[in-house]
Amino acid sequence: MTGPTHAHPALGLTIHRAARYDFLVWLLTLGGETRLRRRILALADPRPGEHVLDIGCGTGTSAILAKRAVGRTGSVRGVDPSPEMLARAHAKARAAGVDVVFEPGAAQALPQPDASVDLVLSTFMLHHIPVEARQAMGAEIRRVLKPGGRAVLVDFGRAGHVHHHGFVDMDKVAAELSVAGLAVRRRPLGAMGLDVAIACPDPAKLPVAVVAHHRSAKSGPLHMLAAIGALAALAVLITLHVGLAVSLQRWIQHLPRGLAYGLTGLVAAIVILKIGVLGVVHRFGSGVFAGWVGARHRHGDR
C-alpha cells in the first residue's frame, strides 16, 4: 500500500474564514493559544530529525511549533481540507521564518506514503469529522506511521461541559484506533476539559503513563482573572438562587396545600425553562460562531 485507502471521504466540518478563526481561538483562550499548544506538544515530545504530520493543521500554529522542535534535520507537514486555512498557515510560517509544508488533505485519506511519519499530531480536529469516518482515520494513521512512531490526538472530552457543541468521546476514539492496529493510552489533559489519546503501532513504544496535568506552562494573569471572575459570578448566582428558594419555602408554608403545590410546580417549571433557555442560547451561540468563521460540512468529491 503506497497511498490513501479512501479516495472520496466525507471531510466533515471545514472552516473557511481563517482570520476570524484565529481571533476566536485567541478570544476563547484569553490570548493563551500558543501556551496551550506548547503544553500539548510537550506530550508528543517531537525530537530533532523527526518527520511530523499535523492532521487538520488549521492555521498552522502547532505545525510551526513542531518545526522549531524537530529542527533543520526534521520536517513537518500540515494537512487540512480548507484552502483558506492553508493559505493563512503558509503566511504564518513565512512570517515565523520556518519551513513547513502545508497541503490539502483529509484525516480519512492522508496524502503521505506508508511508514513515513515519526509523529502524527491532531489537535481540536476530531469533533470536525463524522463519527463513521473516524475508523478510516485510524487506518490512515496506522498506515503512515513508522513502526516506532506515535500519534497524539487531543480534543474536547465529555468533561469539557463548556464545549458540548464539539466534545468527543475519547474512549470510542481509542477503541477505533485499537481496531486499526494501534496500541492506545488516554487520559484527561487537565486543561479546558481536554482529553488526550497517545497511540503507537508497537505497544512496547507506548509510554507507560501519559503525562498528566502538565504544569510547566503557567497560567497567565488573564487566565487567573477569568477564573476568579467565573468563580465569583458562580458564587453570586448560587447565593441568589438559594436565598430565593429559602424565601419562597417560608412563604409557601403559610399557603393552602393545593396552592403551595401549584406554586412549587411553577417554580420547578421555571427552573427547567431556564435550563432549556440556556441550552438554546448555547446552541445558538455555537451556530453563530460556526457561521462567523465560515464552518461548513464538505465531502471529498466537492
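Positions are given from 1, in the same order as the sequence printed here.
- In this structure, CZ in R35 is found 12.5 Å from CD1 in I40, a value given to the nearest 0.5 Å.
- In this structure, the separation between CZ on R17 and CZ on F23 is 15.0 Å, given to the nearest 0.5 Å.
- The side chain to side chain contact (heavy atoms under 4.5 Å, CB included) test applied to D45 returns R47, not counting sequence neighbours.
- Nearest heavy atoms, P203 versus A183: CA-CB, 3.8 Å.
- The shortest heavy-atom contact between A197 and V184 is CB-CG1, 4.3 Å.
- To the nearest 0.5 Å, atom SG of residue C57 and atom CZ of residue R88 are 13.0 Å apart.
- In this structure, D54 and S62 have side chains that are in contact, with non-hydrogen atoms separated by less than 4.5 Å.
- V120 is listed as a side-chain neighbour of V144, based on a closest heavy-atom distance under 4.5 Å.
- The side chain to side chain donor-acceptor pair (under 3.5 Å) pairs that include a residue from residues 65-75 are H51-S75, where partners are two or more places apart or lie in different chains.
- Between the S82 side chain and the I15 main chain, a donor and an acceptor come within less than 3.5 Å of each other.
- When every heavy atom of R143 is checked against every heavy atom of P113, the shortest pair comes out as NH1-C, 3.6 Å.
- Side chains of L119 and L121 form a contact here, defined as non-hydrogen atoms less than 4.5 Å apart.
- Residues V173 and V168 are in side-chain contact: their nearest non-hydrogen atoms beyond the backbone lie under 4.5 Å apart.
- Listed for the D118 side chain is no donor-acceptor partner under 3.5 Å among the backbone atoms of G149.
- Contact check for L53 versus L110: side-chain heavy atoms found under the 4.5 Å cut-off.
- Within the model, atoms CD1 of I198 and CG of L177 stand 12.0 Å from one another, a figure rounded to the nearest 0.5 Å.
- Sequence neighbours left out, not one pair with a member in residues 58-77 passes ring-ring contact (aromatic ring centres under 6.0 Å, His included).
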> Passes side-chain contact (heavy atoms from CB on, under 4.5 Å), I55 versus I141? Steps please.
Replying inline: CA-CA 9 Å; I55 302 176; I141 290 175; 4.0 Å; yes

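- Side-chain contact between K146 and V117: absent, with no pair of heavy atoms (C-beta onward) separated by less than 4.5 Å.
- Closest non-hydrogen pair, G78 versus L86, comes out as O-CD2, 4.4 Å.
- With sequence neighbours excluded, the residues that form a salt bridge (charged side-chain N to carboxylate O under 4.0 Å, His left out) with E176 are R134.
- Atoms CZ and CZ, on R185 and R150 in that order, are 15.0 Å from each other to the nearest 0.5 Å.
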Just distance, no hydrogens or angles: give the donor-acceptor pairs under 3.5 Å from side chains in residues 91-105, sequence neighbours left out.
residue : atom : partner : partner atom : Å
K92     : NZ   : D22     : OD2          : 3.3
K92     : NZ   : T59     : O            : 3.3
K92     : NZ   : T59     : OG1          : 3.0
K92     : NZ   : T61     : OG1          : 2.9
E103    : OE2  : R77     : NH1          : 3.0
E103    : OE2  : Q112    : NE2          : 2.9

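- You'll find the side chain of V76 stays beyond 4.5 Å of the side chain of I64, heavy atoms only.
- Minimum interatomic distance between P46 and A69 (heavy atoms only, all atoms of both residues): CG-CB, 3.6 Å.
- Across E140 and Q108, no two heavy atoms sit closer than the pair CG-O, 3.4 Å.
- Interatomic distance, R39 CZ to L36 CG, rounded to the nearest 0.5 Å: 7.0 Å.
- The closest side-chain heavy-atom distance from M137 to R142 is not below 4.5 Å.
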> Between D155 and D195, is a side-chain contact (heavy atoms from CB on, under 4.5 Å) present by the stated rule, with each step listed?
Replying inline: CA-CA 6 Å; D155 215 317; D195 264 359; over 6 Å; no

> Checking side-chain contact (heavy atoms from CB on, under 4.5 Å) for the pair L194/F124: CA distance, chi angles, key distance, verdict?
Replying inline: CA-CA 9 Å; L194 298 179; F124 315 122; 3.5 Å; yes

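- Applying the salt bridge (charged side-chain N to carboxylate O under 4.0 Å, His left out) test to D202 and every residue at least two apart in sequence or in another chain returns nothing.
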